[in-house]
Amino acid sequence: MPQQPPQQPALQHPRQKTSPEKRRPSFFWVLAALILPLFNLAVKFRFHGPRLPQTGAFVLSPNHFSEIDPVVMGAAAWKLGRAPRFLAKESLFKVPVVGWFLRSSGQIPVARAGSRSHAALRAAEELVEKGRMVIVYPEGSLTRDPDLWPMRGKTGAVRIALERDIPIIPAAHWGTQALMPRYGKKIHPFPRKTIDVIVGEPVDLSAYRGKPLEPALLAAATNDLMQAIAALVGELRDETPPATRWDPAAHGQKETGRLDDTGREDTDRRED
């Protein structure tokens with residue numbers, strides 16, 4: 001079973017001016033005024049690692065093990081100075097509270113396949129062209145790993161970073177499972193939960209830039225990204241991550257759908 005977050009000290013960031021993105025009037029002001037006071041009653045953040053860049057475009061790629069992750073990472077990104085914009089799977093837009101947040105703030109629904117999936121990547125690239133940050137979960141869905149380690153990644157996040165020649169920054173959080181367990185239907189706001197969030201240094205993609213974005217290259221770059229994310233999760237958990245990422249296909253699991261307590265597909269409860 002996953003351990004609870006270790007009681008390690010959070011890094012103290014020096015005071016700095018509000019970022020230009022937060023100073024610019026937007027609907028995020030309304031969301032922050034409505035959501036953050038209530039969210040702060042349920043969650044205490046502890047931030048570790050460097051700050052997010054306060055200007056310019058980049059991809060932020062966190063781990064993913066709870067359906068409330070977008071709200072958690074959205075609040076964390078805002079507290080760290082940037083307006084959060086996501087590529088998020090379509091099913092999350094149907095989750096109460098989470099779906100309202102995603103729709104209201106102009107997030108981008110991602111279809112599993114087909115033309116709408118391609119359109120989501122193009123929408124993300126438009127945000128990049130405007131100097132925005134975009135959050136992309138490289139795992140594509142909630143991790144199948146029974147101990148909540150990051151599983152194998154998909155290539156969409158690194159593709160955006162390489163196509164647009166922008167940084168990709170790994171991130172990790174731990175403690176969210178106490179607020180809303182994987183595949184849980186209810187939020188547990190009390191007692192107040194502590195969630196640790198760590199931002200890493202940009203992943204070095206220099207070996208891949210300027211080359212044709214062939215499947216083998218994208219897979220190798222994605223593996224570098226997932227290793228960086230897993231290392232950050234391990235730092236928060238004070239554990240060593242598995243040497244190999246969990247691969248659902250290798251364990252007889254489908255790419256989508258909920259799992260029961262044994263790790264098998266739960267036909268009575270669907271993720272989508």
Side-chain angles (χ1 to χ4, degrees), residues 1-6 31 34-46 61-77 84 86-105 107 109-110 112 135-152 171-198 229-230 232-233 236-237 239 241 245-246 248 251 253-272:
M1 293 298 292
Q3 297 181 7
Q4 293 301 311
L31 283 177
L34 291 175
I35 293 177
L36 285 184
L38 293 175
F39 197 71
N40 288 337
L41 294 176
V43 170
K44 174 186 176 182
F45 281 110
R46 294 191 301 192
S61 289
N63 60 322
H64 193 18
F65 56 77
S66 171
E67 288 183 324
I68 203 172
D69 287 348
V71 176
V72 170
M73 288 306 299
F86 293 85
L87 262 70
K89 61 184 179 182
E90 282 185 321
S91 60
L92 286 177
F93 287 72
K94 303 174 184 178
V95 178
V97 181
V98 175
W100 177 85
F101 170 84
L102 295 173
R103 289 189 299 271
S104 301
S105 55
Q107 310 305 323
V110 179
R112 293 294 185 186
I135 301 174
V136 183
Y137 291 105
E139 293 169 88
S141 60
L142 305 187
T143 181
R144 300 310 225 197
D145 187 292
D147 291 324
L148 303 185
W149 290 103
M151 64 176 179
R152 60 89 189 100
H173 58 88
W174 189 246
T176 309
Q177 68 276 18
L179 182 66
M180 187 176 187
R182 182 175 60 172
Y183 306 128
K185 292 185 176 182
K186 295 182 179 180
I187 299 172
H188 304 282
F190 304 110
R192 193 183 190 203
K193 309 301 188 295
T194 296
I195 296 178
D196 289 274
V197 176
I198 186 169
I229 296 171
L232 293 175
V233 176
L236 291 181
R237 293 172 56 165
E239 299 178 67
R245 306 280 78 75
W246 184 274
H251 294 273
Q253 298 170 334
K254 295 182 179 179
E255 291 285 329
T256 62
R258 295 174 181 267
L259 302 179
D260 61 21
D261 293 337
T262 69
R264 297 179 179 178
E265 183 182 4
D266 188 341
T267 57
D268 295 327
R269 301 174 64 204
R270 301 297 301 172
E271 183 182 354
D272 294 321

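Scanning all heavy atoms of the two residues, the minimum distance from I229 to A172 falls at O-CB, 4.2 Å. In this structure, E139 and P62 approach most closely via the heavy-atom pair OE2-O, 4.4 Å.
Scanning for side-chain contact (heavy atoms from CB on, under 4.5 Å) contacts around A230 gives P150, P241, R245, with sequence neighbours left out. In this structure, the salt bridge (Lys or Arg N to Asp or Glu O under 4.0 Å) partners of R152, at least two apart in sequence or on a different chain, are E255. W149 pairs by the ring-ring contact (aromatic ring centres under 6.0 Å, His included) definition with nothing, not counting sequence neighbours.
Between atom CD of residue Q253 and atom CE of residue M151 there is a gap of 8.5 Å, rounded to the nearest 0.5 Å.
A cation-pi arrangement is not found for R144 relative to W246, the charged atom failing to lie both closer than 6.0 Å to the ring centre and inside a 45° cone about the ring normal.
In this structure, the side chains of I68 and L179 come closer than 4.5 Å at one or more pairs of heavy atoms.
A donor-acceptor pair is defined here as one N or O able to donate and one able to accept, closer than 3.5 Å; such a pair exists between the side chain of R192 and the backbone of N40. Within the 3.5 Å criterion, the main-chain N or O of H188 finds a donor-acceptor partner in the side chain of K193.
Paired with F65 under the rule ring pair (Phe, Tyr, Trp, His ring centres under 6.0 Å), one option of Y137, Y183, W174 passes, and it is W174.
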With side-chain contact (heavy atoms from CB on, under 4.5 Å) as the criterion, how do N63 and H173 come out once you've worked through the C-alpha distance, each side chain's angles and the decisive distance to 0.1 Å?
CA-CA 7 Å; N63 60 322; H173 58 88; 3.3 Å; yes
